Structure formats: C-alpha cells, structure tokens
A.B. asks: 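Before anything else, here's the structure in question.
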Amino acid sequence: MENPMIWLSSPHPSGNEQKYIDEAFNLRRLFAFGENINGFENDLENYLGQGVYVAAFNSGTSAIHMALILLGVTNGDEVICQSLTFAASANPILYLGAKPVFVGSEPQTWNMCPDALEAAIKDRIAKGKKPKAIIAVHLYGMPYKADEINTIAKIYGLPVIEDSAEALGSTYKGIKCGTLGDISILSFNGNKIITTASGGGLVSKDPKVKERAIFLASQAKDPAPHYQHSQVGYNYRISNINAGIGRGQIEVLQDYINLRRNNHIFYSELFSGERYIKLLTEPDTDFYSNYWLTTLTMNDSNKTSEALRLFLANMNIETRPVWKPLHLQPVFESCDYYGDNCAEDVFNTGLCMPSGSNLTDEEKQRITHAFTAWKNTV
Ligand SMILES: *Cc1c(COP(=O)(O)O)cnc(C)c1O
C-alpha cells in the first residue's frame with residue numbers, strides 16, 4: 001500500500017472549534033457580524049498586546065488591499081514591496097492602479113534589505129515620485145530587521161505595512177510580529193499557523209483605523225434607514241462561522257508554535273552533518289520565529305534542492321521551492337527592482353520542508369529514511 005501524503009502545511013483542527021460554530025448555528029447568526037467575530041478580534045488583541053486594535057477580514061489579501069486604501073494609495077502611486085514573497089503581498093497594489101517597486105533581500109532573514117530599501121527610496125525621490133508606503137514581510141515566520149526598516153521609513157516619512165501573514169507568534173526584540181508596522185496584516189488561510197479556513201486581520205494602534213476599516217469592509221453604509229453611500233465600499237469582513245473556527249484555533253496557538261519550532265529542531269538535527277545544507281535560522285536572540293515553515297538552501301552542484309524535491313515527491317512527501325521573487329514574475333515584469341542577487345539565489349537553491357504542527361513522529365521517520373536514501377543515491 002502506498003504511503004499517505006505528508007503535506008507541507010495542512011489545516012490542524014484542535015477540536016475546540018465546533019462549539020463556537022454550533023453556537024452561531026443555534027443563534028442563527030450566519031452572517032458577517034456576531035459574537036464570534038467580536039470574540040476573535042478580542043482574542044487577537046489580547047494575544048498581540050501593545051494596545052492594538054484588530055479588524056477581522058475574509059482574507060489576508062483583502063486586509064492588505066484595505067491597508068493600502070486607508071493609507072490613501074491611488075491610481076499612479078508607487079508602493080515599495082519586498083520582492084521575495086507570495087504574490088498576495090503585492091497584488092493589491094495593482095488593484096488600486098498603483099505600481100509596485102520591488103526591493104531585494106538580505107541573507108540573514110531573507111527579508112527586505114534595509115540598504116536596498118534606502119537606495120530605492122532615494123532613487124524614486126530623485127526621479128520625481130516619492131513612494132506612498134512600504135510593504136515588508138516576515139517570510140516563513142522569520143522577523144524582518146524591523147528597527148532598521150522602521151528607522152529608514154521614519155527618515156523619509158513613509159508608513160510601513162507589515163505583512164505578518166506567515167508570522168503570527170513570532171517576535172522581534174520581544175515584541176510580537178503583527179504590531180511592528182503602522183498597519184499590520186494577518187492571514188488565517190488554511191496553510192497558515194492557525195486557520196479560519198479563509199480569513200485575515202488588519203491591525204492598528206489607532207481605534208479609528210479599526211472603525212474605518214470595518215466601515216469600508218462592510219459596504220460603506222452611511223447612517224440612514226435606507227442604504228445611503230458616499231464612498232466606495234467593500235465586502236471584506238470575515239463571517240461569524242469562520243471567526244468561530246479562529247476562536248477555537250487561537251486557544252492552541254502557543255502549542256502550535258512549539259510544535260513548529262520542534263520541527264525546525266528535527267530538521268537541524270537531520271541535516272547537521274550535511275555541509276551543503278543551510279537552514280534559515282534566527283540570526284540572534286532579537287529574532288524569534290514561529291518557524292511556520294522550515295526552509296533551507298542547498299549549495300552543491302549535484303545535490304540540488306530540485307533533485308531532492310522530486311525524489312521526496314515520489315515518496316509522497318510534499319516540499320516546495322521558495323517563493324519566486326516577484327520582480328521575476330511575468331505579471332510584475334514592468335516593475336523596477338532594487339537589490340542584489342540574494343532573493344534570486346535563495347529561490348534557485350531553496351526548499352520548504354513539511355512543517356505542519358500536525359507532523360507526526362512516524363512522518364518524521366519517513367522523512368529521515370527518504371532523505372538518507374536520496375543522499376546515498378546522488
Ligand atoms: C498567505 C499570505 C498572504 C495572503 O493571505 P490570504 O489570507 O491567503 O489572502 C499574504 N502575504 C503572505 C506573505 C502570505 O503568506
């Protein structure tokens with residue numbers, strides 16, 4: 001019999017979700033407001049600390065779109081964005097008719113390189129257009145160099161949108177990711193550390209930003225008995241059912257962080273004798289990663305990440321290449337890029353390993369055996 005698939009990162013129900021869903025059904029609160037939404041937002045606000053306010057959304061992508069709207073990004077504007085990330089970080093820039101300007105990565109965290117960021121800002125200003133905002137990403141759960149990025153942003157008076165979709169539970173200098181930007185966003189997609197099946201969050205320290213985000217995300221209804229509209233609205237709120245899943249998930253978030261961090265330890269032991277394999281690891285104690293995914297690069301002309309990926313796929317073990325830098329993606333072909341080859345090198349040699357909080361000891365054994373078998377064939 002064929003071995004069952006070992007997934008990269010699959011949804012992990014805790015068993016606590018059903019009671020919140022049943023409550024919503026019993027009260028027939030099957031819409032985009034209700035107890036679960038308020039409860040989930042409270043849970044997230046308490047978890048993140050720093051006095052933040054959270055508006056729950058139907059996806060991380062819609063939350064990024066809203067963050068750009070709240071910062072006044074419109075047609076013809078430029079927005080700086082980390083190149084090495086998932087396309088959803090930058091697509092909302094295009095929704096608004098604005099243009100992404102991509103910035104490369106530094107090798108310690110794989111995230112936005114502060115030097116390249118400053119070079120980009122200076123050059124865009126010299127060319128006559130000051131960017132409207134910066135989107136920085138904590139890739140695979142690893143915090144970006146927030147002090148350096150925030151300092152540069154402040155010098156040039158640019159707001160930072162913190163894409164914390166992959167980094168709920170990570171911290172930078174003891175402060176939770178998701179509270180480090182002017183506006184931050186979270187994702188609760190099915191493959192993230194906790195899920196609502198589909199969902200997101202918009203985080204701000206200003207209660208008025210939360211209020212306005214909810215207003216615009218709920219069709220921008222002016223106060224009037226008839227439906228009166230003076231602004232463009234969106235249908236971006238989370239549902240009361242999805243938020244119920246989130247309430248059950250956040251109860252186990254700390255356990256899931258520990259489990260994902262244990263996966264990282266498992267891989268660092270498995271690969272400890274392989275000099276050509278380098279795991280993406282916290283550079284120092286300022287950085288605490290939830291290790292949403294354990295990722296690595298392989299620098300050997302025979303033992304390549306693609307050869308390993310194909311070998312493992314054959315044994316029903318899912319791995320995935322690192323995100324392809326967005327400045328190399330056809331849809332963003334016409335956009336400018338500032339930076340060196342770091343992001344491209346990581347893409348060419350990188351691999352994401354199975355990293356779910358539901359990864360079993362038996363599955364880890366299968367991964368160990370498969371890797372040993374591969375190593376001995378190449
Ligand atoms: C998942 C993800 C998003 C988008 O979140 P969705 O909830 O899937 O819309 C944005 N940015 C990054 C870096 C992500 O990993």
Side-chain angles (χ1 to χ4, degrees), residues 7-11 32 40 44 54-69 79-95 100 102-103 105 109-112 133-144 146 149 160-170 177-178 180-181 183-203 213 217 234-239 242-243 245-246 249-250 260 280 289-295 320-327 329 331-332 343 346-347 350 352 355-356:
W7 299 104
L8 187 74
S9 179
S10 62
F40 186 43
L44 288 165
V54 178
F57 271 58
N58 58 11
S59 76
T61 308
S62 57
I64 295 172
H65 188 191
M66 184 58 65
L68 292 164
I69 292 166
V79 175
I80 290 183
C81 183
Q82 184 166 319
S83 181
L84 189 64
T85 182
F86 181 44
S89 299
N91 277 332
I93 303 169
L94 300 184
Y95 303 167
F102 291 113
V103 165
S105 291
T109 71
W110 295 4
N111 294 316
M112 186 176 272
I134 299 164
I135 301 176
V137 188
H138 306 295
L139 221 54
Y140 302 119
M142 183 64 71
Y144 58 75
I149 301 289
V160 176
I161 297 174
E162 177 194 15
D163 182 344
S164 196
E166 302 177 359
L168 184 63
S170 300
C177 292
L180 298 164
I183 298 181
S184 306
I185 75 93
L186 307 169
S187 168
F188 309 109
N189 186 27
N191 65 355
K192 298 294 177 2
I193 192 156
I194 61 168
T195 185
T196 60
S198 178
L202 186 143
V203 188
Y234 301 82
N235 187 4
Y236 276 178
R237 280 291 259 171
I238 198 169
S239 84
N242 294 86
I245 301 173
Q249 287 268 293
I250 201 165
R260 294 210 185 228
L280 176 66
S289 175
N290 67 7
Y291 285 120
W292 171 58
L293 298 184
T294 291
T295 57
R320 193 176 295 166
V322 168
W323 303 124
K324 180 172 181 173
L326 297 183
H327 72 280
Q329 293 278 10
V331 69
F332 296 113
V346 167
F347 168 63
C352 305
S355 302

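This is a predicted model, so every value here is computed, not measured. In listed order, ligands and their atoms are each counted from 1.
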A.B. asks: Do W110 and W323 have side chains that approach each other closer than 4.5 Å (heavy atoms only, starting at C-beta)?
C.D. replies: no
A.B. asks: Can you check whether Y140 and F86 have ring centres sitting under 6.0 Å from each other?
C.D. replies: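 When the ring centroids of Y140 and F86 are compared, they turn out to be at least 6.0 Å apart.
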A.B. asks: Under a 4.0 Å heavy-atom cut-off, which residues neighbour ligand 1?
C.D. replies: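 Answer by chain and number: S59, G60, T61, T85, F86, A88, S89, V137, D163, A165, E166, S187, N189, K192, G199.
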A.B. asks: Ignoring hydrogens and angles, state whether a donor on the side chain of H327 or S83 is under 3.5 Å from an acceptor on the partner side chain.
C.D. replies: yes
A.B. asks: Do Q249 and T195 have side-chain heavy atoms sitting under 4.5 Å apart?
C.D. replies: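 In short, these two side chains touch, coming nearer than 4.5 Å.
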A.B. asks: So which heavy atom on F332 is nearest to which on L326, and how close?
C.D. replies: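 Residues F332 and L326, closest heavy atoms: CB-O, 3.4 Å.
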A.B. asks: According to side chain to side chain donor-acceptor pair (under 3.5 Å), who are the partners of N242, at least two apart in sequence or on a separate chain?
C.D. replies: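 Scan of N242 (side chain to side chain donor-acceptor pair (under 3.5 Å), adjacent residues dropped) gives S239.
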